[in-house]
Amino acid sequence: MSVRSSASLRAAAQPRTPRLPAGRGLVLAIVLISQLMVVLDATIVNIALPDIQSALGFSPTGLTWVVTAYTLTFGGLLLLGARAGDILGRKRVFVIGVAIFTIASLVGGMANSAGLLLAARAVQGLGGALAAPSALSTLMTLYPEAGERTKALGWYAAVSVGGSAIGLIAGGLLTQLASWRWVLFVNVPIGLLLVAAALRAMPESERHRGHFDLPGAVTSTLGMTSLVYGLVRAADSGWGDALTLLALGAAVVLLAGFIVIERRAEAPVVPLGLFADRNRASSLLGRLLLVAGILGMFFFLTQFLQDIWGYSPTATGVAFLPLTVMLFVMSQLSARVVTRRLGAPTTVLIGLTFSAVALFLLSRITPDSGYLSVLVPLVMFGSGNGLAFVPLTSLALDGAPQHQAGAASGLVNAFHQVGGALGLAVLATVFTHAAGPAVGGAGPAADAAFVTGVQHAFVWASGFLVATVLLLAIVARRPASEPAAGSAGRDKTVRAGNSKRHNESRDDADAELALAEAAEAG
């Protein structure tokens with residue numbers, strides 16, 4: 001072998017460091033602003049729901065689709081969006097996703113009918129599903145060093161939590177001072193800025209050969225949509241209604257077809273083998289039920305504060321701030337202290353118990369209650385969710401095979417979005433049956449019916465979390481990678497050894513890939 005070829009092979013065998021863009025700060029800003037836009041869209045629209053209902057004539061149950069149309073397409077197509085970034089290039093997919101989101105926001109803000117608004121919200125979800133995974137993947141590539149990556153992910157998490165608070169206030173101000181339409185129009189200048197900046201500064205990723213599991217993504221999304229539609233339709237028209245039965249039947253067929261497709265697909269959008277792990281399966285179901293309670297709480301309490309207590313949109317946004325503050329504080333405490341000492345399963349159980357109690361307390365509110373009857377549950381709910389979210393995510397990701405880590409992470413986000421949509425459909429059905437026909441009218445009788453419906457919905461939401469506590473208490477176990485309580489002295493050494501072995505394994509894989517590429521080139 002010649003000196004030159006030997007040197008080339010040695011160079012190829014070295015772990016490759018990704019070539020980083022000079023303006024990493026600008027790319028980080030693009031990623032963070034895109035995440036802010038996606039997060040804002042959830043809370044900012046919730047505050048405007050009463051005004052949207054009045055302007056476009058939504059029924060109480062039909063109003064759920066303003067939220068659900070977005071979350072279903074977002075969650076249902078999220079894994080496909082991540083796959084698209086790998087195959088087509090993350091920069092390209094990110095720009096396309098943001099552009100779609102921006103155009104849909106403009107159309108939604110101009111909508112003069114309920115149908116057009118719902119269509120725009122669904123397309124917004126598609127845009128978010130394309131943009132969000134590519135943004136996060138770019139962030140991971142941008143900061144390959146562990147210390148820098150941790151700081152960048154800290155900013156990403158802070159924007160995610162802080163964006164919720166900004167959305168609450170901005171939604172209230174825009175709705176009160178301008179119009180509900182501006183909660184959608186506000187995305188337009190942000191989206192245009194992101195597209196322009198991404199085209200100029202965002203690095204393009206290497207493309208990988210692969211296949212799109214389009215049949216799997218379509219059947220899962222349409223199946224969940226049919227299921228949600230059937231539940232919402234049952235609330236208005238009854239379980240014996242022909243369209244209700246047709247939708248529920250279609251959901252069964254589509255979701256069964258999805259499972260068959262995933263078992264045979266060459267590159268399934270959802271590797272079904274990931275559900276074989278008891279911790280992962282139970283934590284994903286737990287996340288679905290937890291988010292169902294969260295979305296139900298926001299949906300019904302927002303309307304209660306404005307329609308029953310007469311709060312302005314701005315005051316409503318401010319009223320929710322204690323929840324966001326406690327969510328941020330307790331999530332930090334959970335990640336840094338509580339989970340390390342008590343273990344993930346125990347921390348999740350404590351957090352979910354707090355949240356379940358909070359939702360039950362909210363079921364006791366009446367038109368004559370004071371803000372303290374809302375403040376205490378909001379503080380408890382934010383604390384419980386903050387404690388639970390970090391270890392719940394850890395349980396879902398721990399032990400996932402390296403080549404399926406991205407799919408496992410995508411499942412967490414997908415269950416988060418779909419859980420909210422499915423849970424809200426169930427709670428809307430409970431609300432409608434409890435409230436009765438009077439809820440569609442006006443006056444004291446309609447208000448009393450609305451309050452009754454909200455109280456029942458909160459009881460059911462609390463039941464979701466109680467069921468989750470029982471499920472995790474029976475099924476979940478401390479992960480093998482998590483040291484037992486009292487082993488703090490050995491913990492640092494174990495983690496260091498695991499980290500070293502992981503880095504060596506990754507470097508070996510990179511070296512093998514480089515050698516294979518060199519051989520192909522030769």
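Any value given below was found using the heavy atoms of this structure, including those in side chains, with hydrogens, waters and symmetry copies removed.
What you find for Gly384 and Phe354 is that their closest heavy atoms are CA-CB, 3.8 Å. Considering all non-hydrogen atoms of both residues, Pro377 and Leu362 come closest at CB-CG, 3.6 Å. Of all heavy-atom pairs between Leu168 and Thr324, the closest is CD1-OG1, 3.6 Å. Closest heavy-atom contact between Ala99 and Val195: N-CG2, 4.1 Å. Across every non-hydrogen atom of Gly419 and Leu288, the tightest pair is CA-CG, 3.4 Å. Nearest heavy-atom pair, Ser105 versus Gln124, reported as atom, atom and distance to 0.1 Å: OG-NE2, 2.8 Å.
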Would you sort out whether Val27 and Thr138 count as a side-chain contact (heavy atoms from CB on, under 4.5 Å), showing the intermediate values? CA-CA 9 Å; Val27 181; Thr138 298; 4.0 Å; yes

Please walk me through it: do Leu411 and Phe275 pass side-chain contact (heavy atoms from CB on, under 4.5 Å)? CA-CA 10 Å; Leu411 276 177; Phe275 293 98; 4.1 Å; yes

Let's go through Phe415 and Val291 carefully: what are the C-alpha distance in whole Å and the side-chain angles of both, what is the deciding distance for side-chain contact (heavy atoms from CB on, under 4.5 Å) to 0.1 Å, and is it a yes or a no? CA-CA 9 Å; Phe415 268 71; Val291 177; over 6 Å; no

Using a 3.5 Å cut-off and no angle test, enumerate the donor-acceptor pairs between side-chain atoms of residues 246-262 and protein atoms at least two apart in sequence or in another chain.
unit_1 : atom_1 : unit_2 : atom_2 : d
Glu262 : OE1    : Val269 : N      : 3.0
Glu262 : OE1    : Val270 : N      : 2.8

Atom pairs and distances, donor-acceptor, side-chain atoms in residues 453-475, under 3.5 Å, two or more places apart:
unit_1 : atom_1 : unit_2 : atom_2 : d
Gln455 : NE2    : Ile365 : O      : 2.8
His456 : ND1    : Thr452 : O      : 2.9
Ser462 : OG     : Ala356 : O      : 2.8
Thr468 : OG1    : Phe464 : O      : 2.8

With a 3.5 Å cut-off and sequence neighbours excluded, list the donor-acceptor pairs that the side chains of residues 420-430 form with protein atoms.
unit_1 : atom_1 : unit_2 : atom_2 : d
Thr429 : OG1    : Leu231 : O      : 2.8
Thr429 : OG1    : Ala425 : O      : 2.9

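Side chain of Thr302 to main chain of Phe299: no donor-acceptor pair is present (N/O by atom type, distance under 3.5 Å, no hydrogens or angles). Side-chain atoms of Arg287 never come within 3.5 Å of backbone atoms of Leu392 as a donor-acceptor pair (strictly under, hydrogens ignored). No side-chain donor-acceptor contact under 3.5 Å links Thr316 to the backbone of Leu305.
Residues satisfying the side chain to side chain donor-acceptor pair (under 3.5 Å) criterion with Gln35, sequence neighbours excluded, are Tyr156, Ser160.
Between the CD atom of Gln303 and the CG atom of Asn46 there is a distance of 9.0 Å, given to the nearest 0.5 Å. In this structure, the separation between CG on Leu352 and CG on Leu290 is 5.5 Å, given to the nearest 0.5 Å. Distance CE/Met380 to CG/Leu323: 12.0 Å, rounded to 0.5 Å.
Residue pairs meeting the ring-ring contact (aromatic ring centres under 6.0 Å, His included) criterion with at least one partner in residues 61-83, sequence neighbours excluded, are Tyr70-Phe74. The salt bridge (charged side-chain N to carboxylate O under 4.0 Å, His left out) contacts involving residues 119-141 comprise Asp41-Arg121, where partners must be two or more places apart or lie in separate chains.
When each of Ser331, Ser334, Ser355 is checked for a side chain to side chain donor-acceptor pair (under 3.5 Å) with Asn385, only Ser355 meets the rule. Looking at Leu49, Val228, Val232, Leu295 one by one, the single match for side-chain contact (heavy atoms from CB on, under 4.5 Å) with Thr64 turns out to be Val232.
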